[in-house]
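First comes the structure, then the notes that go with it.
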Amino acid sequence: MSLTIDRLSQAGRWRKRAPMEKAALALGLLALALVLPPWPGGALVLGAAWGLALGGARIPPGDWLRLNAVPLGFVLTGAAALAVDVDAQGLHLAADQGRRAALVVLRAAAAVSALLLLAATTPAPDLVRGLRRLGLPAEIAEIMLLTWHFLFLLLDQAAAIRTAQEARLGWFGPRRQVRSLGLLIAQLLPRAMDRARRLEVGLAARGFDGSLPMISTARPASRPVLALILGGQSALAGVSLWLG
Amino acid sequence: MHIMEGFLPAGHAIAWTCISAPFVVLGARGLKRILAERPEARLDIAASAGFTFVLSALKLPSVTGSCSHPTGTALGAVQFGPGIMAVIGTIVLLFQGLLLAHGGLSTMGANVFSMAIAGPWVAYGVWRLAGRLGVPFAVAVFLAAFLGDLATYVTTSVQLALAFPDAESGFGGAFAKFAGIFAVTQLPLAVAEGLVTVVVMNALKGRRIRVEGAKA
Amino acid sequence: MIVEARGLSYAYPGGVPALSGLDLAVERGRRLAVLGPNGAGKTTLLLHLNGTLKPAAGSVLLDGTAMGYSRAALTGWRKRVGLVLQEPDDQLFAANVAEDVSFGPLNLGLGEAETRRRVDAALDALGILDLADRATHMLSFGQKKRVAIAGALAMEPEVLLLDEPLAGLDHQGGKRLLAALDRLARAGTTLVFTTHEVDLAYEFADRVALFQGGRVIAQGEAAAVLADRASLAACGLEPPLLLELGVRTRDEALALMAARRKVY
Amino acid sequence: MIVEARGLSYAYPGGVPALSGLDLAVERGRRLAVLGPNGAGKTTLLLHLNGTLKPAAGSVLLDGTAMGYSRAALTGWRKRVGLVLQEPDDQLFAANVAEDVSFGPLNLGLGEAETRRRVDAALDALGILDLADRATHMLSFGQKKRVAIAGALAMEPEVLLLDEPLAGLDHQGGKRLLAALDRLARAGTTLVFTTHEVDLAYEFADRVALFQGGRVIAQGEAAAVLADRASLAACGLEPPLLLELGVRTRDEALALMAARRKVY
């Protein structure tokens, strides 16, 4: 089972760029989306993130739209609550005509696209290694990298179990869904633990003593590129404040 | 129930991060102690975290499409204790944000509080209490998962209401609005999760897999 | 033709094509081997033949009728076409064998008595009636494999799809499984199995479809297809060892094989 | 004898005996096949030969010295004896290939430069230098298998233990792996592998140990052991097809095999 974001980040045009550069770019935009007023700041961030994703990283437009659509669906559900007021007469359109809801949607859309710009160009393990250099304890970083390893194996197993259940007509109807899902989870949990046991044997053969040393394969960030990123973000913030 | 990236104002995002941080740090300390004694435990913890992530990617088709599945959190809270679950839950939330665009980085503090702290503690508390009161196994499992799920949902509604108080009715009205809107999806899901967890625990028991705190 | 695939095309997310305009026809009562290298998409094909995957183009026909993908259509489809995956751990969900095998019949809405009858019949057909009460996680790999097949068989399908049925089994285990499958085939079940082993196809199938690049590049009687060096080479395969060593007729080969397996 | 097992006995928790008084001797530079049916305890034996499991009785010797089970002894042991499990997913843990392969050398306390040299050399030996930057979870089964072997090889062991090295590989994948193992053997690495396939033992091993009931019931030159019908039958095995079909000498068989594999 492949996850779209992972697939894009592993094969994309920015795969070989330094994670530090991509993180500075996307997280900087994310911070701007949160601190600048949604209009016009959020709109500018949104435009920048979409431009960079489609024009710079060349993420296929269909994939990019689908990736944005799911979180935005949840954002809209939440924002619906902001567009209405409750009082003694019940629900009615908010006094501000939904202005607050629209601004929240704009801010969230900008922030989501900044997050996706990072996630769809940078494999998660690269980010974990970055966190490690920023002071995340080694144990936690190792657990995160192992989690990453296990989750793909377990996703495949879960998908296979589900296929087998469907072949025998599980999952058809709510009662069967509950039972099939319960049986699937109960089948997966011991297998996850069993995988951990067997990996322990496999790693012991290579001298596993608990820690997980690995050579670094990170690429160093280029100073001019970082300067360019920060400059661009400052300019975006400036334009936003000037327009606002 | 995840709060999406960018939905909370910066101040609230930072505040919830500060509130969650001590729980996660304490959990990480506990984890370090376990790892100092049993270094290879990192494989089990990682496998559990991977497992919890996979549960979140398995969707029960429901009225509004996909939704979160804290089932793993309830299971994990019972297996590892809610302290460690704060760390595991945080790792899972990070990967959900990065791999599924579900949740987010700025909202992670708030999501960690509702899904990796409030939910597991409630599930764990209910489980222990039910054990002490001699509630039948299946009922205890159902209540732990169901109420753990509800705790997450109520916490999220509180978080949203605090961030977006109603113009006239303030926090109360906003809470009613959010809780009302999400009740449509979250109540049936909480029931479904309770039932699924009962099937899981029964099946695990059938395989004689030890479940912490369960009476044989 | 009990099962037919016409012009099936399918690509996994990310655009990697797995099937491209595949045609396949399976006659009732036959044993068809889908032969090809790993990663060629053989499993993807099986998942289309029971409606798990929906093709981007083309259709699957049962008894000449193109199948739909509604819930009702899929129910009828899976009742008639059973699927056994390669890894038995992926398909044993229940704590004990009888309970596991009853999963399908109960989902068909059958009563308790009929379910019990089917479970017993399926276990009997696989020669594992004595395992009925055993815990599934305590079984050996070969036993698990047979329980998985019994689980599919208890739905009394007309066609049984098997993905690499002999993978992971040793000589004795393979012998026992082939003997069970042979009984099923003789009782009228149509078998479609994937394999990357030319010798297995030669030994057990009466028809062979050569699978390569998302298409069936040759299909027909086993002996004829397996003697076609050029087509085999296109799949990175070589003719069966027996053929190479001068055993020219299928009867001669079968006699030799039978002497080795001693089960038919 | 580079590796020797003397009177090894071992039972799994629950009391199921896996080894009972097993003796085995491996000469330096040889290719030894441990041949036996599934579930006979072949994997358990390999896990003893690198010190993963500690026998209840008996001992393992390297170059004539009985090995201890202290941390220091185990470190030295695993430096000299590498292990490759059947399932590559039980050995790969890192997010990308180079990182994964570097794990063993770093555990040996080697510096970064030497580690990088070893990683490259190991990947090169398996013919997968181009995979160095790839994400491990995106690899095919055959690629994973070779990365797992590279991970063991980067520790530059004198002996490489391989559990069912060809399991799950198709014809081409098997061919490629055997070619790589052949290069290793020629470069001086002693190979010990388990298999349930008589034909593989016949083709690739120069010595064979027949494993049954937790003991080695026969060991010696491959051609001799594999012609011993009675011993083979005791393991539920039959002589190699080639022998049966009248190819009587090992040279004749190898020539035939070589023509098929076209890699040696």
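- The closest side-chain heavy-atom distance from A:Ser113 to A:Trp64 is below 4.5 Å.
- Tested against A:Thr122 for a side chain to side chain contact (heavy atoms under 4.5 Å, CB included), the candidates A:Lys22, A:Arg17, A:Met20 yield a single pass: A:Lys22.
- Side-chain contact, D:Asp163 with D:Thr43: a donor N or O sits under 3.5 Å from an acceptor N or O.
- Contacts between A:Phe208 and chain D at a heavy-atom distance below 4.5 Å involve backbone atoms as well as side-chain atoms.
- Heavy atoms of A:Asp209 lying under 4.5 Å from chain D belong to its backbone as well as its side chain.
- Contact count versus chain D (heavy atoms, under 4.5 Å) is highest, among A:Arg197, A:Lys16, A:Glu200, A:Gln10, for A:Gln10.
- Inter-residue side-chain proximity for D:Leu166 and D:Phe193 is flagged as unmet; no heavy-atom pair is nearer than 4.5 Å.
- A 6.0 Å sphere centred on CZ of D:Arg207 holds more than 12 heavy atoms belonging to other residues, nucleotides or ligands.
- Note: A:Asp6 leads A:Leu146, A:Val128, A:Asp6, A:Leu145 in heavy-atom pairs under 4.5 Å with chain D.
- Of the two parts of A:Arg129, only the side chain, counted from C-beta on, holds a non-hydrogen atom closer than 4.5 Å to a non-hydrogen atom of chain D.
- Results of the side chain to side chain contact (heavy atoms under 4.5 Å, CB included) test with D:Leu131 over D:Leu129, D:Asp133, D:Ile128 single out D:Ile128 as the only residue that passes.
- Two residues are said to be in side-chain contact when any heavy atoms from C-beta on lie closer than 4.5 Å; D:Gln86 and D:Thr194 fail this criterion.
- Heavy-atom distances place the side chain of A:Leu153, and not its backbone, under 4.5 Å from chain D.
- Applying the 6.0 Å contact sphere to CZ of A:Arg191 captures more than 12 heavy atoms from other residues, nucleotides or ligands.
- Using a 4.5 Å heavy-atom threshold, the side chains of A:Leu203 and A:Leu212 count as touching.
- Residues A:Phe150 and A:Leu199 are in side-chain contact: their nearest non-hydrogen atoms beyond the backbone lie under 4.5 Å apart.
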- Task: Step by step, work out the side chain to side chain contact (heavy atoms under 4.5 Å, CB included) result for A:Leu184 and A:Gln187.
- Result: CA-CA 5 Å; A:Leu184 187 159; A:Gln187 174 74 346; 5.8 Å; no

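- Only the side chain of D:Arg116 comes within contact range of chain A, with at least one heavy atom under 4.5 Å from a heavy atom of that chain.
- Residues from residues 70-82 of chain D that place a non-hydrogen atom less than 4.5 Å from a non-hydrogen atom of chain A comprise D:Arg71, D:Arg78, given in numerical order.
- Of all residues spanning residues 47-64 of chain D, those with a heavy atom less than 4.5 Å away from chain A's heavy atoms are D:Leu47, D:Asn50, D:Thr52, arranged by number.
- The interface of residues 143-157 of chain D with chain A, defined by heavy-atom distances below 4.5 Å, comprises D:Lys144, D:Gly151, D:Ala152, D:Met155.
- When all heavy atoms of D:Leu169 and D:Gly142 are compared, the pair lying nearest together is CD2-CA, 3.6 Å.
- Counting all heavy atoms, side chain and backbone alike, A:Ala114 lies closest to A:Ala49 at N-CB, 4.1 Å.
- Side chains of D:Leu200 and D:Glu164 form no contact here, defined as non-hydrogen atoms less than 4.5 Å apart.
- Closest approach of A:Ala24 to A:Leu226, counting heavy atoms only: CB-CD2, 3.9 Å.
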- Under the salt bridge (charged side-chain N to carboxylate O under 4.0 Å, His left out) rule, what do A:Glu21 and A:Arg219 come out as? Steps first, then yes or no, please. CA-CA 10 Å; A:Glu21 294 168 7; A:Arg219 291 166 195 81; over 6 Å; no

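- Closest approach of D:Glu114 to D:Arg117, counting heavy atoms only: OE2-NH2, 2.9 Å.
- Looking only at side-chain heavy atoms (C-beta outward), A:Thr121 and A:Leu52 stay at 4.5 Å or farther from each other.
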- Message: Show, in sequence, the C-alpha distance, side-chain angles and deciding distance for A:Asp63 and A:Arg66, and conclude whether the salt bridge (charged side-chain N to carboxylate O under 4.0 Å, His left out) test is met.
- Response: CA-CA 5 Å; A:Asp63 285 331; A:Arg66 270 191 296 277; 3.1 Å; yes

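- Close approach to chain A, defined as a heavy atom under 4.5 Å from one of its heavy atoms, is seen in D:Asp89, D:Asp90, D:Gln91, D:Leu92, D:Phe93, D:Ala94, D:Ala95, D:Asn96, D:Ala98, D:Glu99, D:Asp100, D:Val101, D:Ser102, D:Phe103, D:Gly104, D:Leu106, D:Asn107 of residues 88-108 of chain D, taken by number.
- In this structure, A:Leu236 and A:Leu29 have side chains that are in contact, with non-hydrogen atoms separated by less than 4.5 Å.
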